[in-house]
**Student:** 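Have a look at this one before I ask anything.
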Amino acid sequence: MTSALARLRDLPEAFTFAGFCKLTRFSNKAAAVCLSRWKEKGLVEAAGERARLYFNKLKCNEVDGSLRIAALLFEYPSAMLCGESVLHAAGWITQIPSRLSVAVISRPSYVSLHGFDIQGRPLSWFKKVHPAVDPSPDRRVYGLRTLPTPLALADLYGDAKGWHPDVDELDIPQEDLASVGAAATLLDVELPAPLGRQIKKAAKNFDRLEIADGPAI
C-alpha cells in the first residue's frame, strides 16, 4: 500500500481508473478496493457517483472549477453550457443555479458528475444550434462553449420535463426579444403567451422606429 501511495504522488491532479490500473499494475478489483479506501481517507475524490475519474487530493487539497470542467469534458467532449446557467450568467435571471446545466449528445446512459446537471440532446439539436455557438475560447463561460442566451431560454421552454422560468422574473433586454422569437422558431418551441406578446410589441415598436428614422421624401 505504501508503494501504491507513493505512486499516487506521481499521478496528476486528475486521473482515470484505467490510468491508475496501468500505473500500479493492479487488477480492476484490487484498484477499486484501493481507491475506495483512499476515498474514505480523503486522499482521492471521485468526480461523480459512477464516474471512473478521480481527483488526487495529494496534489490539490481543494478541487477547483477548472479541474471539474476538465473532468466533464473528458467524459462529455460535446458538453455545452445551457439552461438557467446561461440565463444567470447573462443576467436574465437572478436565481443562482445550484449546479451548472450542460447539454451533451444523447447516449443510452449518463455518468453523473458532481456540480453538473447533465442534459442529453439529440445530434440534430446540436446541428441546429451549432452555427450560433461562438467557439472562441474567450467567449466561453466557466470554461465551456455556451449556448447563446436567447437559444438557452427557448430550449428551456421546449423541455417538457425541465424548469420553465416565470416570464415576470425574466430580465430580457429589449434588443434581444426578437432573437428569443427567432430562437423559438429555430427549435420549434412554443413560448409562453406573455413572452410572445412582449416579442410582438417590441417588433411593432422597432417598425415604428424605422419609419420615424426613415429618409425624408
**Student:** Using only atom types and a distance under 3.5 Å, with no angle test, would you say the side chain of Lys59 pairs donor to acceptor with the backbone of Leu11?
**Tutor:** yes
**Student:** Can you find a heavy atom in the side chain of His114 that is under 4.5 Å from one in the side chain of Arg68?
**Tutor:** yes
**Student:** Quick one: does Ile93's side chain get under 4.5 Å of Leu170's, heavy atoms only?
**Tutor:** yes
**Student:** Do Asp155 and Val129 make a side-chain contact, defined as non-hydrogen atoms from C-beta onward lying under 4.5 Å apart?
**Tutor:** no
**Student:** Would you indicate whether the side-chain heavy atoms of Val33 and Phe26 approach each other to under 4.5 Å?
**Tutor:**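 Answer no - side chains too far apart.
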**Student:** Are there over 12 heavy-atom neighbours, none belonging to Phe74, within less than 6.0 Å of that residue's CZ?
**Tutor:** no
**Student:** Checking salt bridge (charged side-chain N to carboxylate O under 4.0 Å, His left out) against Lys57, which of Glu13, Glu62, Glu45 comes through?
**Tutor:**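 For Lys57, the salt bridge (charged side-chain N to carboxylate O under 4.0 Å, His left out) check succeeds only for Glu45.
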**Student:** Ala183 and Pro150: which non-hydrogen atoms are nearest, and at how many Å?
**Tutor:**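 The answer is CB-O, 3.6 Å.
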**Student:** Could you walk me through whether Gln198 and Leu191 pass the side-chain contact (heavy atoms from CB on, under 4.5 Å) check?
**Tutor:** CA-CA 11 Å; Gln198 286 184 30; Leu191 297 172; over 6 Å; no
**Student:** Within this structure, what is the CG-NZ distance for the pair Leu195 and Lys200, rounded to the nearest 0.5 Å?
**Tutor:** 11.5 Å
**Student:** Report whether Leu8 and Phe55 are members of the same hydrophobic cluster (ILVMFWY, side-chain heavy atoms less than 4.5 Å apart, transitive linking).
**Tutor:** no
**Student:** Side chains of Leu144 and Leu73, heavy atoms from C-beta outward: is any pair under 4.5 Å?
**Tutor:** yes
**Student:** If you take all heavy atoms of Ala132 and Pro148, which pair is closest and at what distance?
**Tutor:** O-CG, 3.2 Å
**Student:** Where the side chain of Tyr110 meets the backbone of Gln119, is there a donor-acceptor pair that is under 3.5 Å apart?
**Tutor:**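 Checked: no pair found.
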**Student:** Would you say Trp92 and Val86 make side-chain contact, with heavy atoms under 4.5 Å?
**Tutor:** no
**Student:** About how many Å separate CD of Gln174 and CD1 of Ile199, when rounded to the nearest 0.5 Å?
**Tutor:**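 If we round to the nearest 0.5 Å, Ile199:CD1 and Gln174:CD are 10.5 Å apart.
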**Student:** Taking all atoms of both residues into account, what is the closest heavy-atom pair of Thr149 and Ala90, and its distance?
**Tutor:**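 The answer is OG1-CB, 3.4 Å.
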**Student:** To the closest 0.5 Å, what do you measure between CG (Leu87) and SG (Cys82)?
**Tutor:** 9.5 Å
**Student:** Can you hop from Leu151 to Ile105 via hydrophobic side chains spaced under 4.5 Å?
**Tutor:**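 Leu151 clusters together with Ile105.
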**Student:** What's the shortest heavy-atom distance between Ala46 and Tyr54, and which atoms?
**Tutor:**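 Scanning both residues completely, I find the closest heavy atoms to be CA-CD2, 3.9 Å.
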**Student:** Measure the spacing between CZ of Arg121 and CG of Asp159 and express it to the nearest 0.5 Å.
**Tutor:** 5.0 Å
**Student:** Please find the pair of heavy atoms, one from Val133 and one from Arg145, that lie closest to each other, and give the distance.
**Tutor:**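 So the minimum-distance heavy-atom pair works out to CG1-CB, 4.3 Å.
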**Student:** Verify, without hydrogens or angle tests, whether Tyr157 (side chain) and Pro165 (backbone) share a donor-acceptor contact under 3.5 angstrom.
**Tutor:** yes
**Student:** I'd like to know if Glu75 and Arg50 make a salt bridge, using a cut-off of under 4.0 Å between side-chain N and carboxylate O.
**Tutor:**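 Arg50 and Glu75: not salt-bridged.
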**Student:** Would you say Leu100 and Trp163 are hydrophobically clustered, going by side-chain heavy atoms of ILVMFWY under 4.5 Å?
**Tutor:**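 No, Leu100 and Trp163 fall in different hydrophobic clusters.
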**Student:** Working to the nearest 0.5 Å, report the span between CD1 of Ile172 and OG of Ser179.
**Tutor:** 10.5 Å
**Student:** Quickly, which of Val44, Leu53, Leu23 forms a side-chain contact (heavy atoms from CB on, under 4.5 Å) with Phe15? Name it, please.
**Tutor:**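 Going through Val44, Leu53, Leu23 one by one, the side-chain contact (heavy atoms from CB on, under 4.5 Å) with Phe15 is satisfied by Val44 alone.
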**Student:** Assigning hydrophobic clusters by single linkage (Ile, Leu, Val, Met, Phe, Trp, Tyr; side-chain heavy-atom cutoff under 4.5 Å), is Tyr142 placed with Met80?
**Tutor:** no
**Student:** I'd like to know if the side chain of Asp64 reaches the main chain of Leu67, judged simply by a donor and an acceptor atom lying under 3.5 Å from each other, with no hydrogens or angles considered.
**Tutor:**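 It does hold such a pair.
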**Student:** Applying a strict under-4.5 Å side-chain criterion to I, L, V, M, F, W and Y, I'd like to know whether Trp125 and Val104 cluster together.
**Tutor:** no
**Student:** Indicate yes or no: at least one non-hydrogen side-chain atom of Phe116 is less than 4.5 angstrom from one of Ile69.
**Tutor:**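 The answer is yes, as the side chains (C-beta and beyond) meet within the 4.5 Å cut-off.
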**Student:** Are Tyr76 and Val102 close enough, and set up right, to give a side-chain contact (heavy atoms from CB on, under 4.5 Å), and what steps lead you there?
**Tutor:** CA-CA 10 Å; Tyr76 299 104; Val102 291; over 6 Å; no
**Student:** What's the spacing between Asp117 CG and Ser112 OG if we round to 0.5 Å?
**Tutor:** 11.0 Å
**Student:** Can you establish whether the number of heavy atoms outside His130 located under 6.0 Å from its atom NE2 is more than 12?
**Tutor:** no
**Student:** Which atom names give the shortest non-hydrogen contact between Asn56 and Pro12, and what distance separates them?
**Tutor:**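 Minimum heavy-atom contact is CB-O, 3.2 Å.
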**Student:** Just wondering, are more than 12 heavy atoms of other shown residues or ligands nearer than 6.0 Å to CD in Glu175?
**Tutor:** yes
**Student:** On the 0 to 90° scale, with breaks at 30° and 60°, tag the Trp38-Phe20 ring pair as parallel, tilted or perpendicular.
**Tutor:**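 Perpendicular: the ring planes of Trp38 and Phe20 meet at over 60°.
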**Student:** Does a side-chain heavy-atom distance below 4.5 Å link Leu72 with Ile118?
**Tutor:** yes
**Student:** Is Ser101 reaching over with its side chain to a backbone N or O of Gly83, donor-acceptor style, under 3.5 angstrom?
**Tutor:** no
**Student:** So, Asp134 side chain and Arg139 main chain: donor-acceptor pair closer than 3.5 Å or not?
**Tutor:**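 No: the side chain of Asp134 does not pair with the backbone of Arg139.
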